[in-house]
Amino acid sequence: MTHLHRREFLATSAVAGATLCLTGGLSAAPAGKRTFTILHTNDLHSNLIGMAPSADYTPFSLNNDKTRGGFARLATLIAQRKVARTALGPVLILDAGDYSMGTAFAAAIRETGGELQLLARMGCDVTTFGNHDFDLGPDGTADAITVATKAGHLPAIVASNTTFEGNEPTLSGLQRLAQEGTLRRYLVIERGGVRFGILGLLGKEAQFYTSGATPAKFTDPVETAREIVRILREKEKVDVVIALSHGGMTKGADGRYIDGEDVQLPKAVPGIDVVIGSHSHTELHEPIIVNGRTPVVQTGKYGENLGELVISIEGDKLTVESYKLLPVDDTIPGDRGMSDEIEKIKQIVSKVAFASRGYSIDQPLVIAPRDIPNTFSDIAASTLLANLCTDAYRSATKADIGFSANGMMRSGLIRGKTGVQTVYDVFAVAPLGAGVLDNTAGSTLVTGYFTGQELKNMLEFMLIDNPAHPGEYFPRASGMRFHYNLSRPKFDVVTAVEIGDLDQGYKAIDITGQDGRLYSVTCPLMFALILVAIPKYTQGKLPLVAKNKNGRPLKSRLEALADVRSDTPDLLTPNGALDNESVATTSSNGKITEIKEWQAIMDHLRTLPAKKGELPIIPVDERANEVRAIVAGK
């Protein structure tokens, strides 16, 4: 574990009792102006190397690639800015959560603890949990922390409103880490004559997207903050209270990000002096000042920027002296020690995640002749990637329909210099989820059978847009084409559904409920759990039941849920149980394994036409861009 200076100490109290909303500001402190700097990151999502594409990433060569991020360059920039600022006052290095999930490195985080180890090596003082840090279950989270702890490289972790009570075996690892003091409700650091109190909160909306965290639970972030701030002010006598808030920002009608849980938190708890925000992947180029004094900041995502917030305190007065986002790009030479550690982790990733399915992390797969984006708000631009992925699902299981939504595709494919896309790049398109029949990373493909009316109901639900993140829920399909008119009443915008493809032709099907014919639908498990919860989300207005090919309902238990879509970039699932009969599997050498979402995409890419000795090329013609969601009147 990272050792703190002798003047720094950890506060691990779990004090309970009455809560108090503080109205005061800074604690009494020695007279005179003092300045401190916070270097901060958020939503790194396992982006250990620069993206766009990985083959272009050259951290030791300057001004020769367009990739952003990468821990080797980030480590150098942090070191540079720490040296530049230390002479002017204490420097804190903080991360606001979602350090994991998003690239192939997360597929082996249980074995490597790599993201946490590298954060510590970069000098990170404190991090907290984001919703994705539980994607592999509470036991997977504990495994990653344990490995990093044993390796001696772990930032402090504050989890103020996460509780691990209960007798479930999957909680035992987190319970042990909490008892050992590795997980804390808050942290006090005394540095350069300033006492900092730090808490970490998972926002209410983010809590809905922590399906993997069960049976861990989360308390109300505002009530928890009030309690912890009272402790920090009254007992710990800190000078500055900093909240690592995984709550997010929301976009206003004018397109600006000026509100959200990260902003509402200090409004409700004025005793918070600084909010380091996250979750919504928002680049705030200027801090949002709350209560006339408290800055709320956020860097965006994936380590593309390093935030630098400079604050002065004088008595009870807190002033933002400067704030900037520093781009992490190829003007920054990479740290060789960091790069060496990443290469070691790569080898483990290949063995853990890919070897059993015949892949390796740096293996070239295909050529992208141009950028293939996943821009949620531009439906036309993201159609090519959506068609590619849903075609892959249908090809893998021979189902009638491959089905997904824009938000399930987490990254596009960027051409870069040569167009070469490796396993690492393609995995980033579908990195989420865990196994069902095996514990390797990646959402499995599942298949269920539905009537034409039920297909319409799925589409109706997915066509209800998320105003904060337009297009995230937009439905994508292979083997199915649909017509819709958003001017029609809610839950009745779909006017026609057709089954088929360009080769076979399309045929309209009954969507009124008169025909009980069943159609097979293959999709990623994470998406399937949303689909089968649609009746719950809509309070029965859009009924559907997932069935097997004989019409028997698949067994599924879901909690009573409301439709919680509001302001998150993450399309994740409610809690539930899976009927293993729906899991798509394949057999090799007598061993049955599930078909992962990422595996289906890679297998599909390898079947594309290619000249001898060359990689296949992703088609980008009009056929590949076929419009399968047809707006009425067009």
Are the side chains of [X] and [Y] in touch, meaning some heavy atoms are under 4.5 Å apart?
X	Y	value
I242	L92	yes
E308	L39	yes
L48	T103	no
Y393	F527	no
L244	I198	yes
P138	E168	no
S411	M51	yes
R73	Y57	yes

Looking only at non-hydrogen atoms, find the nearest pair between [X] and [Y] and report the distance.
X	Y	value
S160	L201	CB-CD2, 3.9 Å
L525	S443	N-OG, 3.1 Å
T76	P333	OG1-O, 2.7 Å
S350	I361	OG-N, 2.9 Å
I372	A368	CD1-CB, 4.4 Å
C124	T127	SG-N, 4.4 Å

To the nearest 0.5 Å, how far apart are [atom1] in [X] and [atom2] in [Y]?
X	Y	atom1	atom2	answer
I414	D425	CD1	CG	9.5 Å
L413	I367	CG	CD1	11.5 Å
H132	H45	NE2	NE2	5.0 Å
D335	I332	CG	CD1	12.0 Å
M122	K82	CE	NZ	12.5 Å

Is it true that the side chains of [X] and [Y] contain a donor and an acceptor less than 3.5 Å apart?
X	Y	result
N374	R410	no
D133	S100	yes
D65	T58	yes
D143	T146	no
T447	T522	yes

Is the count of non-hydrogen atoms from other residues, nucleotides or ligands lying under 6.0 Å from R336 atom CZ greater than 12?
no
Got more than 12 heavy atoms from elsewhere within 6.0 Å of NZ, K417?
yes
Aromatic centroids of F134 and F218 separated by under 6.0 Å:
yes
Centroid separation F427 to Y359 less than 6.0 Å:
no
Within 45 degrees of the axis of the six-membered ring of Y302 and under 6.0 Å from its centre: does R68 put its NZ or CZ there?
no
Listed partners of T37 passing side-chain hydrogen bond (donor to acceptor under 3.5 Å, both in side chains), at least two apart
R85
Tell me, which pairs form a salt bridge (Lys or Arg N to Asp or Glu O under 4.0 Å) where one or both residues lie in residues 338-350, sequence neighbours left out?
R121-E341, E341-K344, E343-K346, K346-D362
Test of understanding: with salt bridge (Lys or Arg N to Asp or Glu O under 4.0 Å), list the residues that count as partners of D391, not counting sequence neighbours.
R628
Just to verify, which of T299, D98, T282 counts as forming a side-chain hydrogen bond (donor to acceptor under 3.5 Å, both in side chains) with N42?
T299
Check: I49 main-chain N/O paired with N47 side-chain donor or acceptor under 3.5 Å
no
Below 30° counts as parallel, above 60° as perpendicular, anything between as tilted: where do the rings of H40 and Y323 land?
parallel
Full working for side-chain contact (heavy atoms from CB on, under 4.5 Å) between E304 and E283:
CA-CA 10 Å; E304 294 172 350; E283 287 190 10; 4.0 Å; yes
